[in-house]
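Note that ligands are numbered from 1 as they come in the structure, with each ligand's atoms numbered from 1 the same way. Note that the structure is a prediction, hence the values are computed from the model and not measured.
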Amino acid sequence: MDRIATPGATRGIIKKYDIKVRKTLGQNFLIERKFIDKIIAAAELDKEQIVVEIGPGIGGLTQALVEAAGHVIALEIDQALVKTLQDNFCQVNNLSVIHGDALKIDFEYLTNEISARERYAPGYKIVANLPYYISTPLVMRVLEEHLNFLSMVLMVQKEVARRMQALPGTKDYGALSIKIQYYCRAKIITQVPNTVFFPRPEVESAVIKLEKRDQPAVKVRDEKMFFALVRAAFSQRRKTMVNALSNAGLGPKDKWERILEECEIDSKRRGETLSIEEFARVANLLSVRGDASCCLPVPPKVR
Ligand code: SAM
């Protein structure tokens with residue numbers, strides 16, 4: 001099979017199969033090999049591994065994945081593209097194309113089935129040029145459901161990649177950075193111009209690698225409480241942490257001043273300057289005391 005990820009081959013497949021490119025499904029196909037190579041190198045694949053690809057599209061990235069990995073499970077929501085893939089890849093025996101929504105499909109069931117049948121080691125890698133509209137929900141789903149992935153190498157919108165990798169005190173740092181970095185080591189692999197897609201998206205992209213930590217970055221007694229505190233602290237970025245928490249209806253200012261003081265955190269600091277360790281210290285103190293005030297819903301006006 002010729003290389004799919006070129007401008008000519010991509011146009012050829014779209015014409016041959018009369019594909020209606022659907023903007024609403026984030027269909028922007030990669031047409032430059034260089035970026036596929038970077039994704040493959042970052043994923044560090046070998047023939048002993050299963051890869052889950054989300055949104056294979058017409059198969060530009062899939063083609064490189066089946067060469068590098070043991071088995072590829074490709075999840076595609078667009079039935080027309082599923083048919084195209086099944087036709088184009090009919091000679092490839094280490095690819096399973098599954099029709100469905102990656103936000104709902106049971107990854108563990110699919111990967112367990114393949115690994116039991118073909119004796120792969122437990123765990124799998126996720127690799128994708130993600131449709132932008134599902135990037136954050138998809139990553140959240142994988143982390144919150146504690147799926148058995150080893151790493152994710154993802155093409156996402158540049159701003160989302162920056163937020164995932166951001167450090168305290170920067171404008172990109174927020175609840176997403178903490179959620180990601182609690183479970184994973186995050187590293188932007190490369191920036192990606194919009195010229196390497198067909199059709200061209202309006203935004204710039206980046207490839208990010210999220211490598212699952214053996215243990216979360218910090219010891220947290222109650223994860224629900226920890227993440228609720230983080231969300232509340234970022235509900236009003238421009239305010240101090242004390243003001244943000246008390247404006248969110250989570251108790252009076254003096255209570256939060258005392259708690260921060262006990263955690264040796266200056267009460268004048270904004271939430272956006274606190275490290276993951278510092279958030280964990282506060283959440284753990286609340287948990288020891290059985291104080292679930294930060295788990296109260298934050299009123300929508302301060303979100
Ligand atoms: N992997 C191909 C490439 O790099 O050229 C296509 C990537 S394109 C940005 C995103 C793909 O995800 C499209 O094929 C789209 O139909 C598919 N998609 C969109 N939403 C999806 C969902 N919820 N579940 C699975 N696939 C989805």
Which of the ligand 1 atoms, numbered from 1, are nearer than 4.0 Å to a heavy atom of [X]:
X      : result
Phe29  : 5 (O), 6 (C)
Gly57  : 6 (C), 14 (O)
Pro131 : 10 (C), 12 (O), 18 (N), 19 (C), 20 (N)
Leu81  : 14 (O)
Leu75  : 25 (C), 26 (N)
Gly26  : 8 (S), 9 (C), 10 (C)

May I ask you to identify the nearest protein heavy atom to [atom], giving residue, atom name and distance to one decimal place in Å?
atom                    : result
atom 3 (C) of ligand 1  : Asn129 ND2, 3.5 Å
atom 16 (O) of ligand 1 : Glu76 OE2, 2.6 Å
atom 1 (N) of ligand 1  : Gly55 O, 2.8 Å
atom 13 (C) of ligand 1 : Gln27 CG, 3.6 Å
atom 19 (C) of ligand 1 : Leu25 O, 3.1 Å

[X]-ligand 1 polar pair, N/O distance under 3.5 Å:
X      : answer
Asp78  : no
Ala102 : yes
Ile58  : no
Leu30  : yes

- Shortest non-hydrogen contact from Asn194 toward Pro201: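 Between these two residues, the closest heavy atoms are ND2-O, 3.2 Å.
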
Would [X] count as a contact of ligand 1 if the rule is a heavy atom under 4.0 Å away?
X      : result
Pro56  : yes
Glu53  : yes
Gly100 : yes
Asn28  : yes
Tyr133 : yes

- Task: Mind telling me whether Phe227 and Tyr182 have parallel, tilted or perpendicular rings, with 30° and 60° as the class edges?
- Result: perpendicular

- Aromatic ring pairing Phe279/Phe226, orientation class (parallel under 30°, perpendicular over 60°, tilted between):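 Phe279 and Phe226: perpendicular rings.
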
- Task: Please step through side chain to side chain donor-acceptor pair (under 3.5 Å) for the pair Ser205 and Tyr132, ending with a clear verdict.
- Result: CA-CA 9 Å; Ser205 306; Tyr132 297 136; 2.2 Å; yes

- Intermediate values then yes/no, ring-ring contact (aromatic ring centres under 6.0 Å, His included), Phe149 and Phe107: CA-CA 9 Å; Phe149 76 102; Phe107 293 16; 9.6 Å; no

- Identity of the nearest option to atom 26 (N) of ligand 1, non-hydrogen atoms only, from Ile39, Asp101, Leu65, Ile77: Ile77

With a 4.0 Å cut-off, would you call [X] and [Y] a salt bridge?
X      : Y      : answer
Lys212 : Asp214 : no
Lys23  : Glu202 : yes
Arg162 : Glu204 : no
Lys179 : Glu144 : yes

- Check each of Ile40, Leu65, Thr62 against Val127 using the side-chain contact (heavy atoms from CB on, under 4.5 Å) test, and report the only one that passes. Leu65

- Item | Ile73 and His71, any side-chain heavy atoms less than 4.5 Å apart |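 In short, these two side chains touch, coming nearer than 4.5 Å.
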
- Task: Decide side-chain contact (heavy atoms from CB on, under 4.5 Å) for Ile114 and Ser96; before the verdict, give the C-alpha distance in whole Å, the side-chain angles of both, and the deciding distance to 0.1 Å.
- Result: CA-CA 9 Å; Ile114 300 285; Ser96 310; 3.8 Å; yes

- Is the number of heavy atoms from other residues, nucleotides or ligands under 6.0 Å of Lys83 NZ greater than 12?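 No.
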
